[in-house]
Undergrad: 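One structure follows; several queries about it will come next.
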Amino acid sequence: MFRYRAAGLTIQSEIDFLQIDTDPAPSAGPADVVFRQGALPADGPVLRLDTFGCAAIDARQVVVWLSEAAAPHAVGQAVAAAGLNGIAYRRGLLPLHAASVAIETECVALCGETGRGKSTLAAALALAGHPLISDDLLVVHDAAAGPVAWPAASRPRLTREAIDLLEAPVRCLTTPLRRDGKAVVAVGADAAPVPRRLTAIYLLAWGTALELRRLSPLEACQVLHACLRRPDWMAASGATSVIRRRWLDLVADTPVILATRPRGPASLSALADHLSSSWRREGAGDGASRFL
């Protein structure tokens, strides 16, 4: 058995997640989540790939199916993220489809559809001194001081083109997967495994120019599905009303900023430079202005 700590949860697993660090100080008590091998359910929130799959069957258990052809490094990344994604829905937590980076004791989420540059932007920000918190899944918890997130269950995955764009030392931990050409990488400093207040959410989108615009409360309420990871699992988990309520509570106080940019590497580098410099600004006025 392996023991991990990710996304604010203790994990016990029959599966070696490889690129995820084991819990340095595991508790003796029962884990919050258990990953075990078994047959996948016929329906519900299930990840099904050619050689492996997984499903959260309740708020504590993830069942994992593996074929003999399953590549260990592919399994470790996909199963950890998908399993915790399903667990978050089962527990009524917000599973954002987001990369995330730290700003000192806080963090910001970079949401958006696949291909919008979340992982590459987060890697560029990590190289600028903002440690990576998550790559593809950010589980948001409630706390007395507001919404918080812990480092998640996966390291960034980048294509060769994205690695070349960064123009900085990036250590590849795996070979690229055949299905998407992405390799697991180590970039920048690792974030300390502590909770951080989520202080802004950026929704990445294509546009004709680089522009940051804070959404109105009504607009922010309407982009829930664009910010969730696997939103189709929400209804299948029976969590729709709980998740919607949590989202409304979150965006009532947390800025949601639409970040549009033209396609191409130059605009992504410009966005990373702008964000990093704005976060470091002194005397930024009201809380939201430092994120624009």
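Positions are given from 1 along the sequence.
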Undergrad: Charged N to carboxylate O below 4.0 Å: is that the case for Glu219 and Arg214?
TA: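 No salt bridge links Glu219 with Arg214.
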Undergrad: Could you report the tightest heavy-atom contact between Ala56 and Gly86, atom names first, then the distance?
TA: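 Minimum heavy-atom contact is CB-C, 3.6 Å.
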Undergrad: Take Phe35 and Phe2 through the test ring pair (Phe, Tyr, Trp, His ring centres under 6.0 Å) and record every step on the way to the result.
TA: CA-CA 10 Å; Phe35 284 72; Phe2 300 91; over 10 Å; no
Undergrad: Begin with the C-alpha distance, continue with both residues' side-chain angles, and end with the deciding distance and a verdict on side-chain hydrogen bond (donor to acceptor under 3.5 Å, both in side chains) for Asn85 and Arg229.
TA: CA-CA 7 Å; Asn85 194 162; Arg229 191 178 190 272; 2.9 Å; yes
Undergrad: If you measure only the distance, is there a donor-acceptor pair under 3.5 Å linking the side chains of Arg263 and Ser267?
TA: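 No donor-acceptor contact under 3.5 Å links the two side chains.
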Undergrad: Step through the shown structure and confirm whether more than 12 heavy atoms of other residues, nucleotides or ligands are within 6.0 Å of CZ on Arg171.
TA: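 It does not: Arg171 CZ has 12 such atoms or fewer within range.
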Undergrad: So, for Leu110 and Lys118, which heavy atoms are closest and what is the spacing to 0.1 Å?
TA: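 That would be O-CD, 3.2 Å.
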Undergrad: Taking all heavy atoms of Ala55 and all of Val46, pick out the closest pair and write down the distance.
TA: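 Taking every non-hydrogen atom into account, CB-CG2, 3.8 Å.
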Undergrad: Could you pull out the closest heavy-atom pair between Pro30 and Arg60, with the gap in Å?
TA: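 Looking at all heavy atoms of both residues, the shortest contact is CB-NH2, 3.9 Å.
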Undergrad: Heavy-atom distance under 4.5 Å between the side chains of Val139 and Leu94, does that happen here?
TA: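 SC-SC contact between Val139 and Leu94 ruled out.
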Undergrad: Less than 4.0 angstrom from a charged side-chain N to a carboxylate O is my criterion; do Arg290 and Glu106 meet it?
TA: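 A salt bridge is present here (some side-chain N lies under 4.0 Å from a carboxylate O).
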Undergrad: For Trp279 and Tyr202, take the angle between the two ring planes, folded into 0 to 90°, and tell me which bin it lands in: parallel under 30, tilted 30 to 60, perpendicular over 60.
TA: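 Rings of Trp279 and Tyr202: tilted, 30 to 60°.
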Undergrad: Give every residue pair that meets the side chain to side chain donor-acceptor pair (under 3.5 Å) criterion with at least one member in residues 238-260, sequence neighbours excluded.
TA: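 Of all non-adjacent pairs touching residues 238-260, those that pass side chain to side chain donor-acceptor pair (under 3.5 Å) are Asp142-Arg246.
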Undergrad: If you round to the nearest 0.5 Å, how far is CD1 of Ile243 from NE2 of His225?
TA: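 It comes to 10.5 Å.
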Undergrad: Is the number of heavy atoms from other residues, nucleotides or ligands under 6.0 Å of Asp232 CG greater than 12?
TA: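 Enclosed.
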